[in-house]
Student: 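Below is one structure. I have some questions about it.
When a ligand or atom number is given, it counts from 1 through the structure's own listing order.
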Amino acid sequence: MKREKQYGQSQSEFSLPVAPWDAEYQKNHKIKHLSFHSHVKHINDSTNKNAASSYVNPLSEPNFKVKKNCPSGHKSWPNGICSKCQPSAITLQRQEFRMVDHVEFADSSLVNNFLDSWRSTGYQRLGYLYGRYESYEEVPLGIKAVVEVIYEPAQNGESYGLTLNLEKENEEEINKVDEIAKKFGLRKIGIIFTDLIDSGKGDGSVICKRHKDSYFLTSIEAIFAAKLQCQHPNVSKWSDNNRFSSKFVTCVVSGNIKGEIDIASYQVSTEAEAMVKADLVVPSTHASMVMIQKACKTRYVPDIFYTRVNEYGITVKKSAEGSFPVEYFLVTLTHGFPSEPKPLFKNISKPFVIENRQAIGSSQDISSIAKHFKVDSLPEILTRLSDFHLLTYLHSLGILKAEEEQLAYSVAAGQNEEEAQELFETPGWKTLVTILSD
Ligand code: ZN
């Protein structure tokens, strides 16, 4: 208890034996990145050391754009620029903290069901992760992203990649899904995609494409992740503009060095987000390199450097000269499954037909609902109802009224038999039963 005092007054909020940013502590616990709140606390302790001076927000997002409304009073960019409004040179660094420490899949079946698509076709697949953020005990002041649903948007898969169908109707579909997820206290917290190639050995092993000598995320994927992070900002009271970076995660399913199917989870740095916002980078034909945009009339590109350890073991600053390794953008997260899974949606091992898989021969239709509910007991019916893929499909049919739907969601989450009886008595549910029995 004595030690606590030396870490300042706010220590009462947390109680840790040593400061989590202690280098020795990190090394001993194999922590590669500080948790976000450890980082904030560290910065805040030095920024607001003097209690007598006024409070300063410990965080501000990097901004690599030319500042608007320059105080020097010259014409606004691109008609004028000066040392006060131009962004200073950027020295890229590996980000030492991470916004999320760990990705937890509520049940391993979630990933298995997602992989079935690749298993049956050999085509790559992408899904949105829906879930919530919780505290993560394994890391001091850590945060985990808990995944309850993998929802697969409309896409065209191929053996070597995939394209998302971003037409308006598909966007509207995802907006609806967001709303339904919200009713369960869930939101879009990331993406997952496959990059799997069977090794051809016939033992289920896959090729290891992603390793330290190739890349972990390609520059296309890293820039895509940065864009998604910018679209999903993190609210933070510690920052000037009340937001700081993002807790949106990117998971890749690919072959590990043992040839096993494995998940790797990442985020990109706040610098990556800022570079994408300022339109400074584009993907390169070399997967492991990020290309720097050329300066033009409307784009100011500051000098960009990165530091690396040279052949003599000395850290040197290097000019990026057109491109730099994508690894400067990456922040690695851990992932796992709970030892005693308690998924929010109970019907998880044999899910209802998963959405947007028409192209690979499985469609959601009325007969698939009838088949889904071909079970005998009430508890089994309740379990079958607890399925996000089914609930979103039911919503798209528009048979249940809003309050009936709300009741169905409540039964799906709570598994209460009395409430279920109430649902079965509603006109909407009776209509559904009639349609199913036709
Ligand atoms: Zn200026």
Side-chain angles (χ1 to χ4, degrees), residues 36 39-40 42-50 53-97 99 219 222-246 248 267-284 289-308 315-331:
F36 173 56
H39 171 70
V40 172
H42 188 194
I43 306 264
N44 193 42
D45 281 4
S46 55
T47 316
N48 294 305
K49 205 188 302 175
N50 189 349
S53 51
S54 60
Y55 172 80
V56 180
N57 280 318
L59 299 177
S60 60
E61 292 188 308
N63 182 358
F64 303 141
K65 291 181 188 169
V66 177
K67 283 193 196 82
K68 282 180 187 153
N69 309 322
C70 179
S72 306
H74 58 73
K75 280 185 181 165
S76 65
W77 167 259
N79 297 313
I81 193 162
C82 74
S83 58
K84 284 203 176 94
C85 59
Q86 73 181 41
S88 35
I90 302 168
T91 303
L92 292 165
Q93 279 164 337
R94 295 298 299 270
Q95 185 168 296
E96 60 178 24
F97 65 92
M99 302 300 295
S219 54
I223 290 172
F224 184 54
K227 285 179 181 162
L228 289 169
Q229 287 182 203
C230 293
Q231 286 168 16
H232 298 87
N234 172 58
V235 174
S236 175
K237 63 170 181 177
W238 303 103
S239 177
D240 294 344
N241 57 353
N242 281 321
R243 50 191 262 184
F244 187 79
S245 193
S246 170
F248 200 85
Q267 284 206 287
V268 293
S269 62
T270 55
E271 281 177 352
E273 293 170 348
M275 286 183 105
V276 163
K277 275 185 197 159
D279 191 28
L280 298 181
V281 285
V282 281
S284 148
M289 298 297 282
V290 176
M291 211 150 82
I292 299 166
Q293 294 262 53
K294 298 244 181 314
C296 65
K297 268 188 190 160
T298 54
R299 186 190 304 119
Y300 181 86
V301 180
D303 291 333
I304 298 171
F305 302 91
Y306 59 90
T307 54
R308 67 176 189 94
T315 304
V316 290
K317 196 159 144 181
K318 192 175 179 305
S319 170
E321 286 165 6
S323 64
F324 58 87
V326 67
E327 64 191 65
Y328 281 89
F329 275 180
L330 300 190
V331 176

Student: For the residue pair Phe97 and Phe36, does the interplanar ring angle fall in the parallel (under 30°), tilted (30 to 60°) or perpendicular (over 60°) class?
Tutor: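 Answer is tilted, since the angle falls between 30° and 60°.
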Student: Is there a donor-acceptor contact under 3.5 Å from the side chain of Ser219 to the main chain of Ser284?
Tutor: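 Yes; judged by distance alone, with no hydrogens or angles, the pair exists.
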Student: Spell out, as yes or no, whether a donor-acceptor pair under 3.5 Å connects the side chain of Asn242 to the backbone of Val235.
Tutor: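 A pair under 3.5 Å: no.
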Student: Measuring from the Zn ion (ligand 1), count protein N/O/S atoms under 2.8 Å, please.
Tutor: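 That number is 4, waters not included.
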Student: I'd like to know if the side chain of Arg299 and the backbone of Gln293 have a donor-acceptor N/O pair within less than 3.5 Å.
Tutor: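 Such a contact is absent between Arg299 side chain and Gln293 backbone.
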Student: Please name all residues satisfying ring-ring contact (aromatic ring centres under 6.0 Å, His included) with His74, sequence neighbours left out, ordered by chain then number.
Tutor: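 Residues passing ring-ring contact (aromatic ring centres under 6.0 Å, His included) with His74: none at all.
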Student: Without swapping roles, check the side chain of Gln267 against the backbone of Ser246 for a donor-acceptor pair under 3.5 Å.
Tutor: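 Yes; at least one donor-acceptor contact below 3.5 Å.
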